[in-house]
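Data first, discussion second: the structure below is written as structure tokens.
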Amino acid sequence: MIVQAKLPDDFLWGNSTSSMQTEGGAHEGGKGPSVYDTYKATAETSDWDVAIDNYHHYEEDLDLMAQQGMNCYRFQISWSRVNPQGDGEFNEEGIRYYDNLINALIKRGIQPMICLYHFDMPLHLAKQYNGFLSRHVVNAFVRFGKEMVDRFSDRVKLWITFNEQNLYSQTEAFRIAGYLNGDRTDEELQRIAHHVMTAHVQVANYLHEHSDAKIGGMLAFVETYPNSSLPEDVFAARQIDEYLNRNLLDVWVNGHYSTEVSTYIERHHFDIDFTDQDRQEFAKLKSDFIAFSYYASNVVDATKIPAGTMPNRYLDYGAVANPHLTATEWGWNIDPLGFRDVLTKTYNAYGIPMFPIENGIGHREEFHGQMIQDDYRIAYHRDHLRALMAAVNDDGVAVLGYLGWGLIDIPSSAGNMEKRYGMVYVNRGNHELRDLKRVPKKSYYWFAKVIKSNGADLD
């Protein structure tokens, strides 16, 4: 018999989304264009104009959350909705939309959690300054972040700045940081990563100085295993963790970058624009929790990595299949034990409360008038919750909550509406909007039972 862990009475159960995957209303309310508005539909993806039209349906969607028992919702403020140019005048109509959303959440007993940036750079800043490669964009983001803190921290007590901040240390950075032109060099990658970090630090310090709200950094945590006991495989897996995860964790908790990563940057003479003012801000930083997403694990084969590759790019070359795990259609390994290991080893090393704020499984589904029997989604969340409870109960990890990705179907980060993560079906496809009707799946009612029992009933 599996012994369930006792979770804190104030444990947070909820849902996470991004603005561009949820809101729609791309040309309404004074919103300016973001880079996502330039992405066109393809055979396998939708455009970003409507998403699931949460801009007009948020009351209905919040009712679904409340009826399920959720007490936390992490949403993103679209930078270009509240500041159309990114560095110009603020848009009061856009700010009013989020003000209303926050009040609607609180009215339902759902604690709001704000994310300030989820990959959708205001188009003006991308075109004019090449995104976070530029210090100008850092300053613009800090101005935006401080304004949002001033507007909302009286009611919103949980914050993150950047979704999955370690992605800015990887090749993915050039897509999500507003970088439109250049050679995508290692030096540029490290500069983008540093600019994003210094933007986070400045906003976090401001929030702590001007409110009683809490803030933490967020990682896209992907457990990486060595392909074999070959020492080079083991070493490569460790380096990936150091360069992509611990380097950021060291700043969030200890106020400085990893010695190993800093030495690599110095030895290669990279100019990452690290100023004395940045160092002073780093030294003041405090993190209230460590947030992260977790979906899957990877395996690295060091023999496939070209000599001289920066460790940040190892997985571009060395990622291989794991024969011991089941993978989704999109090649994501289902690995609950990796989830427990991430929770436990990170808490062991840093002693800061952990907060998984994205976890879920994508699957193709069709609605034909009968409830979707998504037992695979129930199994995925059940197994990951059991792993979380083992981390709490057996390993002593302090965990603040568990936010799924997501409650309601939204287009995937690539824009594929048919890769569905939700516990509520949304009646639209990639190219047909249909009626956007919300229809709960079997997992919706299962998760309501889990929440009501505070995790005690996972059957």
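Only this structure's heavy atoms are used, side chains among them; waters, hydrogens and symmetry mates stay out. Just so you know, these numbers come straight off a predicted model, no measurement behind them.
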Sorted by chain and number, sequence neighbours left out, salt bridge (Lys or Arg N to Asp or Glu O under 4.0 Å) with Lys442 holds for Asp375
For Phe144 and Trp79, take the angle between the two ring planes, folded into 0 to 90°, and tell me which bin it lands in: parallel under 30, tilted 30 to 60, perpendicular over 60. parallel
Sorted by chain and residue number, the salt bridge (Lys or Arg N to Asp or Glu O under 4.0 Å) partners of Asp49 (sequence neighbours excluded) come out as none
Do the ring planes of Tyr425 and Phe367 sit parallel (below 30°), tilted (30 to 60°) or perpendicular (above 60°)? tilted
Sort and list the pairs that fulfil salt bridge (Lys or Arg N to Asp or Glu O under 4.0 Å) and have at least one residue in residues 172-181, not counting sequence neighbours. Glu172-Arg175
Heavy atoms, side chains only, cut-off 4.5 Å: are Arg377 and His363 in contact? yes
Arg438 and Asp61 ion-paired at < 4.0 Å: yes
Salt bridge (Lys or Arg N to Asp or Glu O under 4.0 Å) pairs touching residues 214-226, sequence neighbours excluded, are Glu223-Lys345
Could you report the tightest heavy-atom contact between Ser287 and Val253, atom names first, then the distance? OG-N, 4.5 Å
Donor-acceptor contact present, side-chain Asn15 to main-chain Leu407, <3.5 Å: yes
Not counting sequence neighbours, which residues clear ring pair (Phe, Tyr, Trp, His ring centres under 6.0 Å) with Tyr73? List them please. Phe75
With no hydrogens and no angle check, just 3.5 Å: does a side-chain donor-acceptor pair link Tyr350 and Asp250? yes
Any donor-acceptor pair under 3.5 Å from Asn333 side chain to Asn298 backbone: no
Parallel, tilted or perpendicular: rings of Phe447 and His381 (30°, 60°): tilted
Using a 4.5 Å cut-off on heavy atoms from C-beta on, say whether the side chain of Trp13 contacts that of Val450. yes
Going by the rule ring pair (Phe, Tyr, Trp, His ring centres under 6.0 Å), which residues pair with Tyr39 if we only count those two or more places apart in sequence or in a different chain? Tyr36
Residue pairs passing the salt bridge (Lys or Arg N to Asp or Glu O under 4.0 Å) test with at least one member in residues 347-359, sequence neighbours excluded, are Arg74-Glu358
Salt-bridged, Asp53 to Arg428, with N to O below 4.0 Å? no
Supply the atom-to-atom distance Asn181 CG to Lys127 NZ, rounded to the nearest 0.5 angstrom. 11.0 Å
Scan residues 77-89 for pairs that pass salt bridge (Lys or Arg N to Asp or Glu O under 4.0 Å), counting only residues two or more places apart or in two chains. Glu23-Arg81
I'd like to know if Asp288 and Lys157 make a salt bridge, using a cut-off of under 4.0 Å between side-chain N and carboxylate O. no
Do the numbers put Lys31 on top of the ring of Trp48, so that NZ or CZ is under 6.0 Å from the six-membered ring centre and no more than 45° off the axis? no
By salt bridge (Lys or Arg N to Asp or Glu O under 4.0 Å), Arg313 pairs with (sequence neighbours left out) Asp186
Could you pull out all residues at least two apart from Tyr314 that satisfy ring pair (Phe, Tyr, Trp, His ring centres under 6.0 Å)? none
Only counting residues at least two apart or in another chain, list the ones meeting side-chain contact (heavy atoms from CB on, under 4.5 Å) with Tyr380. Tyr295, Ile334, Asn359, Ile361, His384
Going by an N to O cut-off under 4.0 Å, is there a salt bridge joining Lys449 and Asp459? no
By salt bridge (Lys or Arg N to Asp or Glu O under 4.0 Å) - contacts of Glu418 (at least two apart): Arg420
Distance-only polar pair, side chains of Tyr206 and Asp150, donor-acceptor under 3.5 Å: yes
